[in-house]
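Along the sequence shown, residues carry numbers from 1. The figures that follow rest on heavy atoms only: side chains count, while hydrogens, waters and symmetry mates do not.
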Amino acid sequence: MSALSFLRPRHRSRHVGEGITRPTLSGPGKLGLLGLALFGLLPVYWLFATAFMHREDVFSADRPFFPFNPTLENFGAFFNDTKLLAALGNSVIVSAGTAVLSVLVSGLTAYSLSKFRYRGRNLFMVMFLVGQLVPGALLLVTLYLMFSAAGLLYTYTAVILAFTTFTLPLTVFLLKGIIDGLPDEIIEAAKVDGLSNGAILFRIVFPLITPGLVTAAMFAFMRGWSDLLFALTLAGPDKQTLPVGMTSAFIHEGSGDWPALMAASVITSLPLALIFIALQRYFVSGLAAGAVKG
């Protein structure tokens, strides 16, 4: 019988994020939260309302609060633009690559920081914390020169590596907090069974922290999907992502096609919304597990 067999029931009964209690609120508290929610959703409503309005209605002095004469022509401006469709494909490639690379690197790093003791470990964690405090724009010129010297400028690789660099501090500490809560007996039992460190990580640790991995992947995907500055600087004309393509297509000097831009924003926001809805259970439990130790 495997040395891990006695731990299996414990695995099934212990899930990250369990034991969270829902707070109770009084009537005024619920009304206050409802007011805050409506206030927070107002920009979202304004985005959708503008997307369905005619251009003359948007810029009129008595602009209606609700699109009484809705139109879909603004959405056609997105799907009829071949450059925007190409940018959509670039965003999928860059965001997916950033998510996969961030999860892989942060998972390995978090496991090392959590379950191993070696010289320089604390300094390494401090470096990650400091890296999270540094604004990304400060490193833009440095990254540009490095990628240019390495021959990676204007490639998917450069953009993915840049995005991964700035997602690692958050994802590493998120996953480290979850791995800290895993009993050391699980790893010791796996070593008794003859598993290598790599096998322990990919066959035992990663399956146990799936909600945390999903949460880290979502953060990294959103960074790659929504970033403008690094995609504008490091990606070439044929590698531009959606934020860059939308800015170039709808915003011009002294003017802007705001209804078409809002329609494009609705289209590009849908993938993130659908991903969040589909993976909400993992997202909530992953955040809860990474917020506390044990």
Side-chain angles (χ1 to χ4, degrees), residues 37 40-52 70-104 106 136 155-168 170-171 174 210-232 234-251 257-287:
L41 290 174
L42 180 60
V44 179
Y45 168 76
W46 206 248
L47 169 72
F48 277 84
T50 305
F52 288 96
T71 178
L72 296 176
E73 63 180 7
N74 299 320
F75 294 89
F78 180 91
F79 292 106
N80 293 330
D81 193 324
T82 56
K83 292 184 178 180
L84 282 180
L85 296 178
L88 175 61
N90 292 336
S91 287
V92 172
I93 294 173
V94 169
S95 301
T98 302
V100 172
L101 185 60
S102 295
V103 168
L104 180 61
S106 60
T155 64
Y156 290 128
T157 303
V159 184
I160 291 173
L161 288 177
F163 289 160
T164 303
T165 299
F166 295 105
T167 58
L168 282 180
L170 174 63
T171 54
L174 172 68
T210 298
L213 296 177
V214 172
T215 304
M218 289 179 63
F219 277 123
F221 188 92
M222 287 188 291
R223 175 60 190 261
W225 190 264
S226 60
D227 185 272
L228 172 65
L229 180 61
F230 284 88
L232 179 64
L234 302 178
D238 58 336
K239 300 293 190 300
Q240 290 182 346
T241 57
L242 273 174
V244 181
M246 290 165 55
T247 302
S248 302
F250 302 122
I251 299 179
D257 192 350
W258 295 106
L261 179 60
M262 296 300 103
S265 300
V266 170
I267 296 172
T268 56
S269 299
L270 286 178
L272 294 180
L274 294 176
I275 290 174
F276 179 81
I277 293 173
L279 303 177
Q280 182 180 11
R281 176 169 60 91
Y282 296 101
F283 183 76
V284 174
S285 59
L287 283 180

N/O donor-acceptor pair under 3.5 Å between Trp258 side chain and Thr50 backbone:
no
Any donor-acceptor N/O pair, Thr167 side chain to Thr164 backbone, under 3.5 Å:
yes
Working to the nearest 0.5 angstrom, can you tell me the gap between [X] [atom1] and [Y] [atom2]?
X: Thr247; Y: Leu232; atom1: OG1; atom2: CG; value: 8.0 Å
X: Lys83; Y: Ser248; atom1: NZ; atom2: OG; value: 8.5 Å
X: Ile277; Y: Leu272; atom1: CD1; atom2: CG; value: 11.0 Å
X: Leu88; Y: Ile93; atom1: CG; atom2: CD1; value: 10.0 Å
X: Leu234; Y: Leu229; atom1: CG; atom2: CG; value: 8.0 Å
X: Thr157; Y: Leu101; atom1: OG1; atom2: CG; value: 10.0 Å

To check you understand the geometry: which heavy-atom pair defines the closest contact between [X] and [Y], and what is its length?
X: Leu261; Y: Met246; result: CD1-CE, 3.9 Å
X: Ala231; Y: Thr241; result: CB-OG1, 3.2 Å
X: Phe250; Y: Ala77; result: CE2-CB, 4.3 Å
X: Thr268; Y: Ser265; result: OG1-O, 3.1 Å
X: Pro243; Y: Asp227; result: CG-O, 3.4 Å
X: Val266; Y: Ala51; result: CG2-CB, 4.1 Å

Contact check, side chains of [X] and [Y], non-hydrogen atoms, under 4.5 Å:
X: Thr98; Y: Trp225; answer: no
X: Asn74; Y: Met262; answer: no
X: Leu242; Y: Phe78; answer: yes
X: Thr155; Y: Lys239; answer: no

Can a donor-acceptor pair be found between the side chains of Ser102 and Thr171 at a distance below 3.5 Å?
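Judged by distance alone, the side chains do not pair up.
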Take the angle between the ring planes of Phe230 and Phe166 and call it parallel below 30°, perpendicular above 60°, tilted in between.
tilted
